[in-house]
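Heads up: the structure comes next, in structure tokens.
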Amino acid sequence: MTNSETKATLSFSDGSPSLEMPIYKGTVGPDVIDIRKLYGATGMFTYDPGFMSTAACNSSITYIDGDKGELLYRGYPIEQLAVNGGDFMETCYLLLNGELPTAAQKTEFVDTVTKHTMVHEQMQFFFRGFRRDAHPMSVLVGTVGALASFYHDSLDINDPHHREVSAIRLIAKMPTLVAMAYKYSIGQPFVYPRNDLSYSANFMYMMFSNPCEPYKVNEVLVRALDRILILHADHEQNASTSTVRLAGSSGANPFACIAAGIACLWGPAHGGANEAALDMLTKIGSVDNIPEFIKQVKDKNSGVKLMGFGHRVYKNYDPRAKLMRETCYEVLQELGLQDDPLFKLAMALEKIALEDEYFVSRKLYPNVDFYSGIVQRALGIPTSLFTGIFALARTVGWIAQWKEMISDPEQKIGRPRQLFVGSPTRKVPPIAERG
Ligand code: SDX
């Protein structure tokens with residue numbers, strides 16, 4: 001980042017001394033005002049619940065232009081990476097290292113990841129403690145956090161080699177853990193990873209094969225899953241990434257930080273929206289019920305939201321939603337489900353919402369979650385596992401952001417302050433005098 005010639009001057013109507021603050025310019029996107037001296041100079045904090053106007057860090061990983069609906073991973077537009085930028089492994093390498101891999105670098109990276117896909121044999125006993133109908137996100141929070149108990153040899157976050165090994169282990173083992181959570185929920189045996197399959201093909205194999213019959217990989221479906229992973233890989237300083245950074249700022253080990261990110265992603269306002277969007281479509285049931293549903297959404301007291309719509313940053317169409325809709329169409333065509341009623345319902349709902357003043361005036365457009373549930377359902381993935389797939393994909397983004405934070409000389413433990421509106425000091429009364 002570079003210092004801008006312009007400075008920000010904060011002046012006060014009560015005549016208190018004004019304060020000059022530097023403005024920094026990034027490569028692209030909004031400039032920032034460095035307010036780090038504000039509290040020392042004025043005894044005041046800024047107030048920004050939800051961090052609507054706050055940059056918590058500088059980063060070179062992902063850039064989003066919400067007004068234009070643009071998403072860049074290390075400068076490459078998501079449309080190029082998802083359509084002709086190779087596979088999810090290339091996106092992982094790009095996010096972690098800053099550049100796309102050469103053929104030789106990709107071969108070495110994929111080979112390293114492949115060789116770390118198995119989990120310790122004792123991991124299976126963690127699963128045995130969960131109910132069969134436990135939500136997969138509860139299983140993932142538990143088992144990813146538990147990974148730390150197997151890797152005492154590589155938990156020193158200040159050792160670059162330990163950071164590298166932990167990154168590979170997490171990227172490699174997430175598909176295995178997600179597939180194990182699924183197999184456990186349906187009472188089928190866990191399927192070991194196969195080193196002769198690609199990352200996404202191996203995940204489909206661990207999810208849908210069983211010991212009783214041969215499994216045939218469907219390359220169209222594998223490519224669709226791979227694209228889903230690319231689209232979800234990273235997304236700037238979203239809630240779960242900020243959670244991973246905050247956990248990492250205390251020096252917590254990477255497995256604990258990713259477990260914290262999974263916990264945050266679970267929320268319906270964030271990664272849980274794909275599951276909620278499919279449930280919403282199922283509840284609406286038919287195109288005839290859309291007007292009544294839209295009426296409920298507009299009624300603030302109903303608490304009903306159009307799940308898969310709206311975004312803190314995108315005030316235009318989420319570029320990932322467009323690509324997800326295309327993938328949806330391709331997968332349904334491949335499976336002979338082009339007349340899938342939910343897909344038709346989703347497209348009708350999108351059309352109606354995009355022509356409705358309520359949504360247009362609030363700049364509410366479909367986000368990545370609006371179509372991803374329909375694609376995943378067509379791939380045979382159960383609704384409750386949708387957010388687990390999101391966590392699988394986002395692990396590389398969380399890890400890349402965590403590594404960037406750890407190696408940032410400016411990084412300190414994150415410790416926001418508050419505007420205190422509670423009781424001033426008061427005396428504790430004896431219990432007999434209370435009430
Ligand atoms: C993800 O941050 C990221 O990058 C996240 C993510 C990533 O890749 O990491 O992109 C993934 O989380 C996508 C978002 C998935 N969530 C949903 O689809 C859930 C539904 N969406 C909303 O909950 C909401 O849009 C948020 C949470 C996504 C964004 O909320 P904001 O930015 O805090 O906006 P807001 O709630 O202040 O909404 C502004 C207005 C309000 O109306 P008014 O008070 O102005 O009258 O729009 C309304 C809101 O009520 N609104 C919606 C709505 N989203 C916002 N009304 C109906 N349905 C919706 N979905």
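When a ligand or atom number is given, it counts from 1 through the structure's own listing order. Any value given below was found using the heavy atoms of this structure, including those in side chains, with hydrogens, waters and symmetry copies removed. Sequential numbering from 1 along the given sequence is applied to the chain's residues. Predicted, not measured: the structure shown is a model, and the values here were computed from it.
- Here the shortest heavy-atom distance to atom 2 (O) of ligand 1, taken over Thr62, Leu231, Asn238, Val304, belongs to Asn238.
- The option from Asp369, Leu306, Leu364 that lies nearest to atom 56 (N) of ligand 1, judged by heavy atoms, is Leu364.
- Residue Phe309 has at least one N or O atom closer than 3.5 Å to an N or O atom of ligand 1.
- With Lys300, Gln237, Arg362, Lys305 as candidates, the residue nearest to atom 23 (O) of ligand 1 on a non-hydrogen basis is Lys305.
- Per-residue contacts place Gly308 under 4.0 angstrom from the following atoms of ligand 1 (heavy atoms of the residue considered): 17 (C), 18 (O).
- A salt bridge links Lys351 with Glu355; the closest basic N to acidic carboxylate O contact falls under 4.0 Å.
- Proximity to Ala273 (heavy-atom distance under 4.0 Å) selects the following atoms of ligand 1: 15 (C), 16 (N), 17 (C), 18 (O).
- A salt bridge links Glu90 with Lys106: at least one charged nitrogen is closer than 4.0 Å to a carboxylate oxygen.
- Near Arg312, the atoms of ligand 1 lying under 4.0 angstrom from a non-hydrogen atom of the residue are 29 (C), 31 (P), 32 (O), 33 (O).
- Using a 4.0 Å threshold on non-hydrogen atoms, atom 25 (O) of ligand 1 counts as touching the protein.
- Taking a cutoff of 4.0 Å between a charged side-chain nitrogen and a carboxylate oxygen, Arg325 and Glu350 qualify as a salt bridge.
- Near Val297, meaning under 4.0 Å from one of its heavy atoms, ligand 1 places the atoms 57 (C).
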